[in-house]
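Below, all heavy atoms of this structure are taken into account, side chains as well, without hydrogens, waters or symmetry copies.
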Amino acid sequence: MSLWLDKYRPSSLNKLDYHKEQASQLKNLVQHGDFPHLLVYGPSGAGKKTRIMCLLRELYGAGVEKLRIEHQTITAPSKKKIEISTIASNYHLEVNPSDAGNNDRVVIQELLKTVAQSQQIQTSTQRDFKVVILTEVDRLTKDAQHALRRTMEKYMANCRLILCCNSTSKVIPPIRSRCLAVRVPLPSVEEICTVLIGVCKKEGLSLPAELAKRIAEKSGRNLRKALLMCEACRVQQLPFSADQDIPETDWEVYLRETANAIVSQQSPQRLLEVRGRLYELLTHCIPPEIIMKGLLSELLNNCDGHLKGEVAQMAAYYEHRLQLGSKAVYHLEAFIAKFMAVYKRFMEDGLEAMMF
Amino acid sequence: MSKVSRSRKVASSKLTNWVQPSFDDLFTCGSLPSIKSNKRTNSGDPKYLDCSSKFLESKKRLGKRSCSREHHFSCTKEYFDCHEDEPWVEKYKPKTQAELGVHKKKIEEVEAWLKVHTEQKQINKGGSILLMTGPSGCGKTATIYVLSQELGIEIQEWSNPLSSEFKKDNLNSIFDCESISGGFSSESQTRMFQEFLLRANRYNKLQLSGETNDKTKKVILVEDIPNQFYRQPAYLHDILRKFSRTGRCPLIFIISDSLSGSSMQRLLFPSEIQEELKTSSISFNPVAPTSMLKVLSRIAVQEATWNGEKTNGPDKDSLHVLCNSCSGDIRSAINSLQFSSLKGNFICKLVGIYKLKKNSKLEELPAIGGKDVSLFLFRALGKILHFKREPHTDSDLPQLPNHLSEHERSRLLLDPEMILDKTCLSGELFSLYLHQNYLDFYSEIDDVVRATEYLSDADFFTAEWSGDIACSLCLFVGFCLGLVMVKCQTSINCCNEDTCYCFPSSKH
């Protein structure tokens with residue numbers, strides 16, 4: 001039994017539930033049997049991958065759905081062996097080069113070379129190019145991105161790239177200019193509701209519209225998360241009722257507790273405890289950006305209008321630092337320390353105002 | 001091969017040709033100071049003689065503190081005669097507590113332990129274990145020997161036996177050991193160590209002729225720990241457990257810390273074991289410069305009086321240079337003293353240079369034979385976190401303008417860049433350590449804000465110029481200064497100091 005998420009993933013451009021106009025544009029794009037390199041970007045849970053797979057199916061037919069996982073070993077020039085897993089069909093290859101860490105440049109060069117150098121045998125029945133999907137392009141090192149830029153031109157004849165990332169801000173401009181950028185925005189709450197209700201219908205369940213709306217809002221318009229939450233709700237309680245609890249993920253609860261700890265006391269000791277909690281979150285692979293965002297939204301609840309602006313500005317500043325720097329915890333901590341100081345002053349002012 | 005308590009000249013005439021004194025090229029006559037005989041119930045057996053001479057050779061080859069084992073020596077004239085060419089470390093090794101360069105409190109601590117554990121044997125059932133740690137050359141072994149002599153305690157010491165290949169190469173001509181080597185060499189060091197403990201524990205030293213032995217108190221000293229135990233500390237723990245149940249006399253382990261931080265002590269004696277066996281632990285600090293100066297000048301004076309015209313008594317300045325350059329290692333200090341006073345000119349030149357440099361405000365010049373001064377990680381952290389500043393003095397430095405007055409602070413006593421240089425760590429790594437530890441040093445959240453700001457800056461800059469080490473270093477220093485500066489702010493607030501002087505900020 002697979003997750004609803006995978007079970008009801010649309011498989012062709014016609015069946016997509018939202019952004020239909022974009023879907024038809026994509027269809028037009030590949031109708032002639034060729035397309036430029038693509039850079040698909042958008043927030044997570046918006047359906048980037050789904051769209052890419054639909055596009056490939058449109059190109060190659062049902063053959064792209066026969067996937068196999070391969071573990072490839074690539075030898076770096078320094079004789080170091082890098083292992084990386086790829087997902088491939090006969091027509092395409094999907095790889096996340098940032099898995100290789102600092103050696104991502106080697107992975108990109110070697111993998112693309114092997115794929116691009118082998119030409120399709122029957123060009124009459126098949127397309128004369130293969131597709132390589134690179135995910136998380138925004139996490140590639142600058143080195144790898146520059147290598148990619150060269151490779152893109154070199155193997156244009158028999159290889160097309162589809163790059164997939166969350167934000168183009170970390171993709172170097174030369175790559176951006178070589179690709180057709182496709183932005184996949186998040187679905188609206190209503191669109192998520194329709195999808196959720198549709199999926200439940202297919203499962204033979206009836207989902208109350210109120211609950212669907214609540215799930216959609218709680219998921220932050222992340223369709224993947226919404227579907228997972230919906231399935232979790234089904235496990236928790238069946239049949240659905242409109243006012244049932246929506247289970248939260250552990251790290252969200254943990255993050256909220258952390259925010260409460262920050263608000264309840266402002267001292268270096270507390271900062272030390274909070275640091276421990278931050279490390280806990282980071283070691284469980286919660287991205288620092290999400291921690292920052294979650295903390296900010298929790299902390300803002302405790303601020304008044306004027307303070308909100310200040311805190312948001314601080315958060316923006318340190319989020320930017322976070323992107324530029326290499327150790328996230330420094331910047332998270334700096335933000336928290338600054339918030340503590342500001343909040344403490346705010347509380348003390350408030351106390352004084354009350355007393356006089 | 002393992003119990004050595006007394007020196008006797010047994011086979012020195014045969015051994016001299018392959019044993020070289022370490023200062024051979026500096027002296028002409030080369031008689032061996034002593035030969036250690038082995039004291040066992042069956043010491044007449046050629047097998048054991050063989051071993052003892054082997055042991056001796058290993059000692060001599062190591063050359064380090066070979067002679068410090070002869071602790072029952074009285075300093076007769078004869079002794080001095082035959083020890084003329086000895087390193088001064090041996091020649092002037094301390095004989096009384098007053099001569100030790102170790103802090104008084106430490107000596108008392110060890111003395112108290114020795115007294116308690118050698119005298120109340122009946123009450124204290126089972127063997128007690130003492131762990132002595134400290135950097136090399138801080139007087140651990142010397143303390144034990146001096147104290148045992150004063151308290152009338154006999155020392156039995158373990159030292160690692162050599163492998164059988166070595167024996168065959170070198171000693172076939174001396175002893176016919178072909179026939180016995182087989183049975184002997186198959187014993188593992190671990191087992192031999194165990195047996196040694198057992199025997200040392202049970203039997204007293206042999207009464208040799210011409211020797212009045214009224215010493216009944218005894219300690220076992222282990223300084224060379226068999227290599228096998230480093231690989232499998234569990235063996236050692238088992239042996240020690242057995243010892244602590246059945247042992248009759250105290251057991252002392254001496255372990256030298258290394259500066260690099262990879263502590264053998266933690267490997268061999270983890271805290272669970274220490275607790276389980278009720279091990280006492282005394283850790284020595286590097287010898288303080290003042291007491292080292294005392295020891296050095298004592299030796300210099302003695303040498304001058306004993307050997308008047310031959311050596312130029314080094315003056316006070318040169319002794320200072322020596323003290324500063326050896327970072328608390330008294331053995332290396334004495335060695336360099338001997339070396340420098342040999343040819344007479346070295347130290348004078350050195351001091352000349354030193355004085356010159358001093359005038360041009362450059363400090364610390366490593367003396368000849370001085371140790372490479374490096375800082376242990378946590379000491380370096382401490383130096384940054386417990387920063388020290390000059391008390392405000394008259395200064396011609398310009399004051400900061402008014403809008404920057406909150407940045408005012410007095411000059412640092414230590415240069416953070418120098419500290420980083422000495423730690424041999426990358427700036428990035430060091431700032432990680434700092435980040436881990438700095439929070440405990442703040443009480444006000446406002447100060448923490450500034451510290452975190454600097455940390456954030458430091459990370460941002462190191463990421464920007466990754467690979468450019470020099471730059472990351474100076475940025476790290478920028479961060480350090482930032483941290484230190486914030487701390488200064490706190491202290492100023494606390495002390496209400498009116499005047500303080502600025503330190504050029506190296507924030508980039």
Exceeds 12 heavy-atom contacts within 6.0 angstrom, atom CG of A:Asp250: no
A:Arg275 atom CZ, neighbour heavy-atom count above 12 within 6.0 Å: yes
Pairwise distance CZ(A:Arg270) to CD1(B:Ile445) - rounded to 0.5 angstrom: 11.0 Å
Structural part of A:Phe339 lying under 4.5 Å from a heavy atom of chain B: neither
Which atoms of A:Tyr343 approach chain B - backbone, side chain, both or neither, heavy atom under 4.5 Å: neither
Atom CD of A:Glu83 with >12 non-hydrogen neighbours under 6.0 angstrom: no
Whether over 12 other heavy atoms sit under 6.0 Å from A:Tyr254 OH: yes
Closest non-hydrogen atom pair between B:Val448 and A:Pro268, with its separation: CG2-CG, 3.8 Å
Under 4.5 Å from any heavy atom of chain B - which part of A:Lys327: both
Sub-4.5 Å side-chain heavy-atom contact between B:His435 and A:Glu333: yes
Separation between NE2 of A:His331 and OG1 of B:Thr452, rounded to the nearest 0.5 Å: 11.0 Å
Within 6.0 Å of NZ in A:Lys293, more than 12 heavy atoms from elsewhere: no
More than 12 heavy atoms of other groups within 6.0 Å of A:Glu153 CD: yes
Winner by heavy-atom pair count (cut-off under 4.5 Å) against chain B, out of A:Leu322, A:Leu271, A:Ile336: A:Leu271
